Student: 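One structure, pasted below without further comment.
Worth saying up front: this structure is predicted, and the values here are computed from it rather than measured. Numbers restart at 1 for each chain; the letters A, B, ... are given by sequence-line order, proteins then strands.
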Protein chains: 2
Amino acid sequence: MDSECAPDTPFGYDAFRRECMSHTVLEMLASKWVYLVVGALKPGRRRYGELQRKVEGITPKMLTQTLRILERDGLVRREIFPVIPPRVEYELTDLGCNLSDLLNQIRVWAERHAPEIRDSRAQSLAGGDEPAEFRA
Amino acid sequence: MDSECAPDTPFGYDAFRRECMSHTVLEMLASKWVYLVVGALKPGRRRYGELQRKVEGITPKMLTQTLRILERDGLVRREIFPVIPPRVEYELTDLGCNLSDLLNQIRVWAERHAPEIRDSRAQSLAGGDEPAEFRA
DNA sequence: CCGAATCCAAATCGATACTG
DNA sequence: CAGTATCGATTTGGATTCGG
């Protein structure tokens, strides 16, 4: 094993520990752009420009950076076609597909529960807590 | 609906659009500390100090900030006992429990696939790409 | 068309010290 | 015990420019 990770988890890794390898994996996943790019990659092969259009507001810099991280970690495969104009396609690996299913569940959850969360935030702003505190 | 979100999703929200409410939910979830704190909260009620010990390396500042965000969004309930010394307990709401299951799957995924990802990163560093490029 | 490179502003985070 | 306050380091992100 990489280093001393708590042994009370199914696979000998414990993301709660900073030195544990799985902790760094979680850090990698904890990114808005990773969610969205992996989500945009879900059906099949995608070109760079497609991704940029699908993930609204992502800059070339962040898109490239995110794709490089995903490639480095074995979640995405990149294929370059030596033609002019350049053509580069991205595709999820098996590992990436596997992850994609989970991340998409989160995305769907976010979409499904957005209203409740919006309401909760509104209440928070209005000072909506402690029962029966009537402010005239 | 909050604003113009693409209508081609099951719930009328589309996290790929920046102005969409669900996009901000995703931003909230895309945090290492949210993963870990929600994970640490999974079985039942937890005191502040317990959480701090469980989530290795979290500072009081980040722990408080994360808990406040989760409370604001209706995922965590906070109960204060007016005693000395102070006692404060945190608990997932139903919504939070629901989310917790998903986030835990991600955490387990990270733990399970940590070895493959470590290997992939190592290969990346070694320049391990393009087939049959023999570097003497 | 697909990026790489650079610069800079801003937000985030961590460490530490302090309080009721 | 359960936070708050402050400060500096680090990271992040966006805008822009350039090249193959």
Student: For the helix from dC1(C)-dG20(D) to dG20(C)-dC1(D), what angle lies between the axis at the first five pairs and the axis at the last five pairs, to 10 degrees?
Tutor: 50°

Student: Restricting to side-chain hydrogen bond (donor to acceptor under 3.5 Å, both in side chains), what partner residues turn up for Q52(A), sequence neighbours left out?
Tutor: none

Student: How would you label the contact of Y90(A) with the nucleic acid (heavy atoms, under 4.0 Å): base, sugar-phosphate, or nothing?
Tutor: sugar-phosphate

Student: Take atom CD1 of I84(B) and atom C1' of dC1(D), then tell me their distance rounded to the nearest Å.
Tutor: 11 Å

Student: Between K32(B) and E27(A), is there a salt bridge with N-O shorter than 4.0 Å?
Tutor: yes

Student: Quick one: ring pair (Phe, Tyr, Trp, His ring centres under 6.0 Å) pairs with a partner in residues 21-43 of chain B, sequence neighbours left out?
Tutor: none

Student: Kindly write out the residues that satisfy side-chain hydrogen bond (donor to acceptor under 3.5 Å, both in side chains) with R77(A), not counting sequence neighbours, or none if the list is empty.
Tutor: none

Student: Could you name each residue pair satisfying side chain to side chain donor-acceptor pair (under 3.5 Å) that touches residues 59-69 of chain B, not counting sequence neighbours?
Tutor: Y48(B)-T64(B)

Student: Please state how far atom CG in L67(B) lies from atom C1' in dT4(D), giving the value in whole angstrom units.
Tutor: 15 Å

Student: Mind calculating the distance between CD (Q52(B)) and P (dT4(D)) to the nearest angstrom?
Tutor: 13 Å

Student: With a 4.0 angstrom cut-off to heavy atoms of chain B, pull out the first and last contacting nucleotide of DNA chain C, in 5'-to-3' order.
Tutor: dC13(C) to dG20(C)

Student: Quick one: what's the B/S/- string for nucleotides 14-20 of chain D, heavy-atom cutoff under 4.0 Å, read 5' to 3'?
Tutor: BB----B

Student: Should side-chain heavy atoms under 4.5 Å link Ile, Leu, Val, Met, Phe, Trp and Tyr, which residues sit in the same cluster as I84(A)?
Tutor: none

Student: Quick check: on DNA chain C, is the nucleotide nearest V88(A) upstream (toward 5') of the one nearest Q65(B), or the reverse? Name the residue that is more 5'.
Tutor: V88(A)

Student: Which residues pass the side-chain hydrogen bond (donor to acceptor under 3.5 Å, both in side chains) test with T93(B), sequence neighbours left out?
Tutor: none

Student: What is the distance from CG of L63(B) to P of dA5(D), rounded to the nearest Å?
Tutor: 16 Å

Student: Keeping to residues at least two apart or across chains, list the ring pair (Phe, Tyr, Trp, His ring centres under 6.0 Å) pairs with something in residues 53-80 of chain A.
Tutor: none

Student: According to the ring pair (Phe, Tyr, Trp, His ring centres under 6.0 Å) rule, which pairs have a member within residues 80-125 of chain A, sequence neighbours left out?
Tutor: W109(A)-H113(A)

Student: Just jot down the side-chain hydrogen bond (donor to acceptor under 3.5 Å, both in side chains) partners of R46(A), sequence neighbours excluded, or say none.
Tutor: E50(A)

Student: Got a salt bridge between E71(A) and R78(A), using NZ or NE/NH1/NH2 to carboxylate O under 4.0 Å?
Tutor: yes

